[in-house]
Amino acid sequence: MAKRLDLKDVDIYYGKFHAVAGVTLSVPPRSITAFIGPSGCGKSTVLRTLNRMHEVIPGATVDGQVLLDGEDIYATSVDPVSVRRTIGMVFQRPNPFPTMSIRDNVVAGLKLMGVSDKKKLDELAERSLRGANLWNEVKDRLDKPGGGISGGQQQRLCIARAIAVQPDVLLMDEPCSALDPISTLAIEDLMSELKKEYTIVIVTHNMQQAARVSDQTGFFNLRATGEPGKLVEIDDTEKMFSKPSEKATEDYISGRFG
Amino acid sequence: MNDPAVSGTSTGTGLTSAGRGLPDEPNVPEAGAKVPESPQPPAGNTTGTATFTQRGDKIFKAMAVGSGGFIVFLIGAIGLFLLIQALPPLLSNQVNFLTSREFQVSDPADLRFGILDLLLVTIEVSLFALVLAMPTALGIALFLTQYAPPRFARPLAYIVDLLAAVPSIVYGLWGLLVLAPAIAPLAVWLQSNLGFIFVFAEGTAKAEFGSTLFTAGIVLAVMILPIITAITREVFSQTPRTLIEGALALGATRLEVIRYAVFPFGKSGYISASMLGLGRALGETIALTIIVAAVAANFAGSLFSGGASFASKIALAANEFSNPTLTGAYIAAGLMLFVLTFAVNALARTIIARSGAQA
Ligand SMILES: Nc1ncnc2c1ncn2[C@@H]1O[C@H](COP(=O)(O)OP(=O)(O)O)[C@@H](O)[C@H]1O
Ligand SMILES: [Mg+2]
């Protein structure tokens, strides 16, 4: 539970296209790390290399090391499927299995891991739904389809699904971008709760969100389209938003805050 | 941009964010670019456009209502035609139309025709074809969409589609001349080893000669395979990327991705494709006419039987349609096929409505 992540000199490609170059950073356990930067600079791409989701795109490859508590998840002996079982992911658009019941959605990952005891699954489903602040809203309709609740609830259902397997790390790619402000608040509160138990990496387009929820912030940028995106700097969130070391960071952040 | 209604479409809207924050810089030019798209048109133009739109709407509505009504009228007219033709012989029928296995119409004064045998043969041979075709089509569709690299998938899909272009007369000849001798050993083996199951029991035709419903069912399966495969493949390939990635991110293997994301998404499409295939099998005529031996004995349920389905019975009698009473008897049988196909369609709709209601 709650492991640390270290990236060492990571280069990421889509076929021949060099999307991200030379990323080195550390994510300490039980903290929230936010990735910010303009669109297309490779934030999602970096995030998806952290649980080996990048390589499901044909031709996509990764160079360098990604260490989970010191173990390289890209070592040849490591099965990507097992990596994805220990590093959870929440996507930009809520994607529960629409016809599957709410309960089955939550325990889908557990079932994939071979847990079949019904009592245990029910217990874990309740715990995860409580953990995702969704229990009270859905406890009376656990057997209703997961596609039948609101977008904000669906996203929290996806978070419940991701934390049900008690992952070492939780990755979130703009988890609030398809949601209304109230659902966004609910999920931000939830992240601060989850931080106590999980290592969280979040991509966000929303600077204020990064400032509010994260402990450290990484700023990605790219010089021109066609060039690889780069990690400009990563530091404590407070420092990044008050006096960043790089001029580019300051420009970007001040541009946002007007 | 708030979008709480999450549809099944794949992502692609990488830029919609800014839950509570300021709009993103990359969004600004887009938002700006949208402004000129809705300029206030000059006042004179506005009324002109509105009138035109209203007239267009009216024309379109008339066309839509008209063609919809025409279809209903056409189906009603066909039904009525069949009914009018079928009624006189039905009234002078000496046996029960629904429960009799006889079909004696040579003497107009003593009509004895019932459709039970035709119904049973039609249903059994079609279901047998469906049982063979459904899993095969599912396997091919999954292989083409989930496993085969696009380079192979496209030509392979094309070949399967080509199966639909083969005329049924060719299927009939192929079934009788090529397939029947080839599967004779299998047929004999099934009969001697699984003969205790009624479908493989000794029937009214010899298993080794191949002019059986068994052969016909296999040919029908090949004939309906392309339509089931094509639709199922299309539906599976539409599975939203977000669903597939959701399953993958939970640590699903390829097979589990199919079980969790692809199949549930495409299930109702697969069922309706199969029902379309079944509809085609129920009405198939020429292949059955060529392959299946005509026999006098009643159908007892074995696939190793001769006999006739609704369609092949009518086709075989087509050159005798000289007097209206006799013709009417066959039309009555055709009417039953109509009803049967209708029932299958209704059934398919219920199944789809039930599984689709949750989606
Ligand atoms: N599936 C893909 N195939 C090819 N190129 C991609 C793919 N996804 C993203 N890219 C490219 O990689 C770069 C980084 O994209 P992405 O990580 O999505 O950026 P961000 O999340 O920061 O907006 C962009 O230039 C984008 O066009
Ligand atoms: Mg992104």
Side-chain angles (χ1 to χ4, degrees), chain A residues 38-40 44 51 53 56 58 80-100 108-109 112-113 144-145 147-148 150-152 154-155 158 161-162 165 171 174 176-181 183-185 187-188 204-209 252 255-258, chain B residues 1-30 146 149-151 239-268 354-359:
Chain A
S39 254
S44 302
N51 67 341
M53 277 299 285
V56 307
V81 167
S82 68
V83 171
R84 292 177 206 137
R85 284 178 187 179
T86 55
I87 302 184
M89 185 164 219
V90 176
F91 294 80
Q92 186 170 353
R93 291 201 155 243
N95 59 350
F97 301 118
T99 53
M100 203 182 265
L112 288 173
M113 289 167 77
K144 292 281 171 349
S150 79
Q154 287 188 18
Q155 192 63 305
C158 292
R161 181 173 75 177
V165 297
L171 310 174
E174 299 188 40
C176 305
S177 67
L179 305 182
D180 61 278
S183 308
T184 303
L185 246 188
I187 286 180
E188 282 182 12
T204 176
H205 250 102
N206 181 332
M207 306 282 263
Q208 288 159 336
Q209 182 171 65
Y252 183 74
R256 288 316 170 90
F257 284 133
Chain B
M1 293 224 166
N2 305 328
D3 183 9
V6 176
S7 63
T9 51
S10 55
T11 41
T13 51
L15 300 178
T16 56
S17 83
R20 280 179 287 171
L22 302 160
D24 307 309
E25 217 159 50
N27 273 348
V28 174
E30 278 190 8
Q146 309 298 315
R151 201 154 30 103
T239 313
R241 191 74 207 150
T242 52
L243 272 190
I244 294 177
E245 294 207 332
L248 280 172
L250 284 176
T253 60
R254 251 175 181 190
L255 188 65
E256 288 161 343
V257 168
I258 292 172
R259 253 186 39 215
Y260 278 77
V262 179
F263 189 70
F265 177 81
K267 191 174 70 183
S268 59
R354 204 180 302 148
S355 65
Q358 304 172 353

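Heavy-atom basis, side chains included; hydrogens, waters and symmetry copies ignored. Naming: A, B, ... by sequence-line order, numbering from 1 per chain.
Looking at A:P96, only its backbone comes within 4.5 Å of chain B, counting heavy atoms on both sides. Both the backbone and the side chain of A:F97 come within contact range of chain B, each with at least one heavy atom under 4.5 Å from a heavy atom of that chain. Looking at A:L171, there are no atoms closer than 4.5 Å to chain B (heavy atoms on both sides), in backbone or side chain. In this structure, no portion of A:V165 lies under 4.5 Å from any heavy atom of chain B.
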**Request:** Could you walk me through whether A:S177 and A:H205 pass the side chain to side chain contact (heavy atoms under 4.5 Å, CB included) test, one step at a time?
**Result:** CA-CA 8 Å; A:S177 67; A:H205 250 102; over 6 Å; no
**Request:** Please lay out, stage by stage, how A:V56 and A:R84 fare under the test side chain to side chain contact (heavy atoms under 4.5 Å, CB included).
**Result:** CA-CA 12 Å; A:V56 307; A:R84 292 177 206 137; 3.7 Å; yes
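For the residue pair B:T242/B:E245, the side-chain donor-acceptor check at 3.5 Å is not satisfied.
The greatest number of non-hydrogen atom pairs below 4.5 Å with chain B, out of A:M53, A:M113, A:K144, A:M89, is found for A:M53.
How far CD of A:Q155 is from CG of A:L179: 5.5 Å, rounded to the nearest 0.5 Å.
Between B:G246 and A:N95 the shortest heavy-atom distance is CA-ND2, 3.3 Å.
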